[in-house]
Each structure stands twice: as C-alpha cells, then as structure tokens.
Visitor: 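This structure is in structure tokens; I'll ask about it shortly.
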Amino acid sequence: MQTTLHLTSPVTHLYGIGAKQAEKLGHLGIATLQDLIWHLPRRYDDFSRTVRVRELRIGEKQTVRGVLWKLQENRSRRGLNLLQATLVDESGVVHLTWFNQPFLKKQLVEGSELYVSGKVDLYRGYPTFSNPSFLSSADSEHDTAKSLHVGRIVPVYAETAGITSKWLRGKVKAALDAVIGELSERLPVELLRRQKLLGLPEALREIHFPTDAQLLRKARERIGFEELFYWQLRALMHKRDWQQAGKAYPCRIETEALRTLKSQLPFSLTQAQSRAVREILEDIRKPYPMNRLLEGDVGSGKTIVAAIGAYNAVVQGLQAVIMTPTEILAEQHFTGLSKLFHGYAFEICLLTGTGARLSSGESISKLDCYSRLADGSISLLIGTHAVIQEGITFDKLAYVVIDEQHRFGVQQRGFLSKSSGNPDVLVMTATPIPRTLALALYGDLEVSIIDEMPKGRKPIITKQISPGKRQAMYGFLRQQLDDGHQAYVICPLVEESDVLEVKSATEEVERLRLHELKGYRLGLLHGRLKSRDKEAVLRAFRDQELDVLVSTSVVEVGVDVPNATIMLIEGAERFGLAQLHQFRGRVGRGEAQSYCFLLSEADNEEAQKRLDALVRSTDGFKLAEEDLKLRGPGEVFGRRQSGVPDLKMASLLDIRLIKRVREEAELWVDRLNDFPEISAAIRQLEHQDIVWN
Ligand code: ADP
Ligand code: MG
C-alpha cells in the first residue's frame with residue numbers, strides 16, 4: 001500500500017527512487033516532490049515531427065529517424081575524440097559526429113534504429129549533425145512511458161552524475177500526477193484573466209510535457225510572468241518606501257561653483273558625461289533620496305561624473321563618501337581627487353583597513369578620522385566598504401558613491417538608511433546591463449548610461465594568437481617593453497581552486513623569467529597575497545618599477561595604469577565575455593596604441609564565439625548583449641542565495657513582457673495587504689541579490 005503523496009513528501013516516497021537516487025537528486029537541490037516538479041527543463045528536443053533525411057535543411061533544427069551504421073572512433077588533427085557514424089533511412093544518408101564524448105559509444109549500436117535531433121550543418125560537402133541528441137527507438141518501445149520520450153516535444157533537464165533527463169522525465173511525470181491537485185494558484189484570478197495567463201497547474205504540466213509548441217510558449221510566459229512580477233513588485237515597494245523617506249540633509253545645486261570646477265578640468269566632459277551629470281543633479285534637487293545606477297564602459301569616465309556630485313555636496317558644507325571594492329581603487333580615487341580639488345578649502349580623507357590619510361599627506365589614526373567625520377571637519381571620505389558599515393557616524397552625510405559594483409539592487413541601501421540620514425546614492429558599474437534588463441532586475445533604480453568614450457582614445461587592437469605565433473607575440477611584447485611600456489599577463493582561471501590558480505600563476509611567472517621575458521622586471525599578483533602585499537605589487541607596477549604584471553583574475557577591477565599597453569590573456573576560453581572585456585579595459589587608458597592578445601587551448605565552440613565577439617567589438621554594451629545571447633540570462637546572472645525555485649529568467653530578454661509585468665505590478669503595489677500569497681513570495685526574495693557572473 002502506497003503512502004499518500006504530498007508536495008512536501010520526500011522524493012523517496014515516489015516509486016522507484018531509493019536512497020541512492022535521492023542523494024543524487026540532492027545534488028540538483030531536489031529533496032521533495034515540490035522541488036521535483038519545479039525542476040524546470042533547461043531546453044527541449046522537438047521529437048514531435050520527424051522529416052526524411054532527404055528533406056533535411058541545412059542550418060535548421062530537425063529530427064530524423066533512421067538506422068545507425070559505420071560507427072567509428074577517430075581522433076581529429078587537434079587531438080579531439082571523434083565519434084562518427086551515418087544514419088540511413090529510405091531517402092538518404094546523413095553523417096553524425098560527436099566531439100569529445102567517447103562515452104556515448106555504449107549507447108550507439110550499429111544496426112539499431114535511432115531518433116536523431118539537432119542542427120544540420122554542411123561539413124565537407126555532406127549534411128552532418130554535430131553533437132546531436134538522440135534516442136534509441138527500440139529503447140522507447142520497451143519503455144512503458146514511451147510517450148514521454150518520443151513523438152513529442154521532450155524536456156531536457158539539468159542533469160547530474162547518474163541522473164539522466166530520461167529518468168527524470170518519468171519521475172517528474174509521476175510526481176506531477178500525484179500532487180498537482182495540491183498546487184494552489186498564487187496569482188489573483190483578476191490578473192490571470194487580464195493577462196490571459198495559464199493557471200499554475202496547467203502551466204507546470206505544459207512546461208514539462210508540452211502538448212504543442214504554442215502551449216509551451218504559454219506555459220513559459222506564465223512562469224516567467226510570475227517570476228518577474230514578484231521582482232517588479234519588490235522593486236516598486238522599495239521605490240515607494242524610499243520616496244516617502246525624506247532626506248535629512250537636502251542639497252542645493254551650486255551652479256556657480258560647478259561652473260568653476262568644470263572650467264578647471266583638464267578636459268571637457270563628453271556629451272554622455274554631461275547628460276549623466278545633469279540627471280544626477282536633477283535627482284539631488286528632489287525631496288527624496290537619489291537611487292541611481294551609473295553605467296559606463298571601462299574608461300568612459302565615470303569617476304569625474306560621480307565626483308561632480310560629491311563636490312556639489314561638499315561646497316555647501318555637507319559630506320560625501322566614495323566607496324570602492326578594493327584599497328588600490330580607493331587610493332587611486334583619493335590621489336586623483338586630491339589633485340583635482342587641490343586648493344579648495346575642504347578636507348578629503350582616505351580610510352582603508354591599513355589606516356587613514358588626509359589629502360595633505362598627513363596620516364591620522366582611525367579614531368581621529370572617526371571623530372573628524374562625526375564633527376564634520378572631513379568633507380569627503382574615500383575608502384573601502386568598511387567606511388560605512390563600522391558604525392561610523394557622520395555630521396551631515398548627503399551623497400554616497402558606490403564604485404565598481406557587480407551586485408546591485410535594494411540591498412546596498414539597507415545600511416544607508418535612517419541612521420545616515422537617507423543620503424543620495426549613486427552606484428557605478430562597468431558591467432553594462434541593457435537598460436530594459438536593468439529595469440526588470442532593479443526597477444527601483446534610475447539608470448544613467450555613459451555610452452561615449454572620451455575623444456582621442458585609440459581602440460584597443462585585439463587578436464587571437466594561434467600556438468604557432470606565440471613566440472612572435474613575445475617578440476612584439478619585448479619590443480613594447482623596450483619602448484618603455486608595460487604589460488599584463490593574465491593566467492587561466494582554475495575553477496573551484498584558487499590554490500591551483502595561484503600555483504599556475506607562480507609557475508608562469510617563473511617560466512617567463514627564465515625564458516621569454518628574461519631580464520625584465522616581473523611582478524606577481526594573486527588572490528592569496530595579503531592585501532598589503534597586493535597593494536605593494538600594484539603600486540610598484542603603477543610606479544613603473546615593474547615591466548610586467550603577471551596576475552590571476554584579481555586584477556579585474558578598476559586598476560588605472562595608462563602606461564600599460566599590452567595584455568596577454570592565457571586560457572582566454574575559460575573566462576566569460578564580460579570578464580574578458582573588463583581585463584582588456586586595463587589597457588588602452590593612455591595615448592599610445594594598446595593591444596590585447598588572446599591565447600586559448602581548448603577547442604570549444606561556445607568559447608570561440610566569445611573570443612570572436614571580443615575581437616570584433618570593443619563596445620561593452622554590445623558585448624554584454626552578446627553575452628546574454630550566447631549564455632542566456634540564467635547563466636549570466638547568478639544568485640547569491642537559494643531557497644526558492646530558481647528564477648529561470650528565460651523571459652528577461654523579452655522587452656514586451658517586461659513592460660506588461662511592470663504595468664501590472666503598478667496596479668498591485670498598494671493592494672498587497674489583501675494578497676498574502678503575493679506578499680509571502682516577495683518576502684522570499686528579500687535576501688537575494690543578483691550578481692553578474
Ligand atoms: P571609468 O569609467 O572606467 O571609471 P575613469 O573615470 O577612471 O573611467 O576615467 C578613465 C580616464 O579617462 C581617467 O584617466 C580620466 O581622467 C579620463 N577622462 C575622463 N573623462 C574624460 C574626458 N571627458 N576627456 C578625456 N579624458 C577623460
Ligand atoms: Mg572606475
């Protein structure tokens with residue numbers, strides 16, 4: 001006799017799931033039946049329609065059914081394992097190739113009948129499926145739940161060792177059948193009707209086992225709508241809250257002083273910078289605190305834009321803070337702004353883990369710094385995140401800048417709330433997010449975009465270097481060094497192990513010292529160095545005591561050494577597009593022509609697309625969109641914490657849907673008291689931030 005099943009039942013209560021499988025499911029975050037039915041497919045194979053081999057069209061995703069012949073295992077010239085075969089039906093022959101998946105051999109039996117699905121390319125003049133998915137039709141005949149696997153649109157799930165999509169299909173189906181009656185609708189009927197959305201039970205069923213393509217689309221729309229709806233509502237609630245909160249220290253616009261400052265800049269602002277400044281000043285004038293995101297590519301000149309706002313606050317006797325993620329960045333801003341504001345009668349202070357320093361160069365104790373902040377004699381404080389968290393009190397804090405944020409959202413406002421008097425907040429990032437996406441994710445932020453580079457910048461020349469050209473590249477590098485320039489060498493990312501990463505960087509610097517870069521001054525930077533040592537290396541590089549900085553990915557953020565003109569990125573295929581672009585942004589910051597050389601080992605189609613994109617474009621916004629297209633928003637954005645079904649976000653590139661959700665959310669933000677399910681769903685989001693991976 002079976003126990004009755006509930007949403008909260010452990011998966012082991014389901015027929016055919018023992019302790020072993022339960023443990024494996026655990027790796028996918030699945031413990032209960034509820035988790036199981038919310039394990040949404042990552043993609044689908046369309047086995048609903050098969051065509052004959054002769055009807056295959058190049059470049060399209062299609063399914064054929066035929067008999068497998070001539071299975072061979074080969075090695076490509078580049079050393080990849082190749083499984084090659086042909087598939088024959090009564091109309092013709094098509095080639096099949098799988099790269100580096102020798103284990104598939106066991107499932108491929110000559111003479112057996114297969115469904116094969118994928119995109120068909122022309123390879124050496126023959127239509128060929130590369131890495132197609134396939135299904136043995138004999139297999140499916142014996143399968144009692146055959147209809148789950150063939151003759152339909154078939155779900156493909158995130159898998160883990162020992163758990164295949166095929167196995168999951170059966171279990172998800174059983175779970176759905178058992179508990180779907182318990183699944184309650186969370187969205188109000190009124191909303192479902194107005195937006196013509198499927199009900200939750202139907203949507204979940206269709207998303208796993210679509211009746212047809214149209215119902216699948218409706219199902220995804222429904223799930224996507226709901227996910228976005230909560231995020232939007234949360235953002236609107238926060239926006240409402242902080243718009244109701246007044247500023248403790250309202251700020252005027254000091255037109256005269258600003259004009260003087262601008263006339264003293266060593267350059268004139270770009271149009272995009274001026275526009276951003278205007279938008280910031282308009283916010284400052286408002287009765288409620290600013291909450292603005294300033295997006296601009298690396299080197300687009302965000303610092304001065306932020307500094308103008310700080311200056312405006314400081315000249316009227318208020319205080320401002322600029323926060324950075326690293327000490328070296330804080331120091332860089334401190335040096336730059338001390339120079340810019342030289343001769344003005346206000347005090348600037350640098351506060352980091354190591355101590356405090358005034359713009360006069362005088363070191364003061366941290367306690368001294370705190371008391372000068374509390375009595376208002378320090379006007380502008382620059383430092384790492386610690387500056388604002390450690391119970392520091394200000395006299396009149398009016399304006400806060402958070403530089404180089406990869407995480408945004410409502411969180412950072414938390415510690416700037418009542419006690420600090422609700423200052424205006426400007427968050428800056430060089431990881432550009434398309435505006436619509438920003439609206440969807442951080443609907444409580446206003447967005448300014450600097451989409452123009454200062455005049456006279458020479459675009460960085462980016463090239464992918466084949467192994468045969470490596471020595472020639474080092475020759476070119478030495479030439480640049482001999483001309484007095486400097487270079488970065490970025491070492492490959494080692495997933496999950498910064499120990500190995502450090503090891504490989506250490507070996508690389510030794511190797512270069514002995515061989516290609518013998519006689520040059522090399523420094524090493526990695527994440528395991530103490531922060532004081534890190535700073536020392538960076539400082540030495542900045543002061544041109546080093547010719548080459550060999551580094552792991554830690555160099556990514558904000559370092560500004562205009563004399564560095566060359567960057568080599570080893571193992572470039574391992575980095576994401578956004579990150580590669582960040583690295584590259586370390587060069588091309590001065591007058592001289594700069595170069596970025598990409599070295600990659602693996603032969604990976606996806607990675608190659610990223611590298612091609614990087615070679616083609618230096619526009620961070622374009623690359624961000626490309627990244628989203630290549631990887632999908634679900635991969636690009638990670639979340640810090642889990643606990644609710646993951647945001648699938650398949651719909652985040654769908655501007656029309658985002659707008660619809662936004663409009664709908666505005667109708668509900670003031671009615672939430674009557675809808676506890678919605679409020680509960682929003683509360684679950686409360687401690688989650690989105691990170692650009
Ligand atoms: P990011 O946006 O990456 O933070 P920065 O603010 O560090 O860029 O600016 C990069 C460099 O460009 C700095 O050396 C800065 O002085 C310079 N810069 C900023 N704005 C302009 C401009 N309008 N014209 C010329 N140079 C500028
Ligand atoms: Mg910057």
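Remember, it's 1-based here, ligands and their atoms both numbered in the order they're listed. Every heavy atom of this structure was used, including side-chain atoms; hydrogens, water molecules and symmetry mates were not. Note that the coordinates shown come from a computational prediction; the quantities given were computed from them, not determined experimentally.
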Visitor: If you compare all heavy atoms of L380 against all heavy atoms of V321, which two are closest, and at what distance to 0.1 Å?
Guide: CD1-N, 4.4 Å

Visitor: With no hydrogens and no angle check, do the side chains of D483 and Q479 hold a donor and an acceptor under 3.5 Å apart?
Guide: no

Visitor: Could you pull out all residues at least two apart from E347 that satisfy salt bridge (Lys or Arg N to Asp or Glu O under 4.0 Å)?
Guide: none

Visitor: Are the ring centres of F541 and Y488 closer than 6.0 Å?
Guide: yes

Visitor: Are N312 and E254 linked by a side-chain donor-acceptor pair shorter than 3.5 Å?
Guide: no

Visitor: Using 0.5 Å steps for rounding, measure from the OH atom of Y370 to the CD1 atom of I378.
Guide: 11.0 Å

Visitor: Mind listing the N or O contacts between ligand 1 and protein, cut-off under 3.5 Å?
Guide:
from     : atom 1 : to   : atom 2 : distance (Å)
ligand 1 : 2 (O)  : S300 : N      : 3.4
ligand 1 : 2 (O)  : G301 : N      : 3.1
ligand 1 : 2 (O)  : K302 : N      : 3.0
ligand 1 : 2 (O)  : K302 : NZ     : 2.8
ligand 1 : 3 (O)  : G299 : N      : 2.6
ligand 1 : 6 (O)  : K302 : N      : 3.3
ligand 1 : 6 (O)  : T303 : N      : 3.0
ligand 1 : 6 (O)  : T303 : OG1    : 2.6
ligand 1 : 8 (O)  : G301 : N      : 3.3
ligand 1 : 12 (O) : R457 : NH2    : 2.7
ligand 1 : 20 (N) : Q273 : NE2    : 3.0
ligand 1 : 23 (N) : S268 : O      : 3.0
ligand 1 : 23 (N) : Q273 : OE1    : 2.9

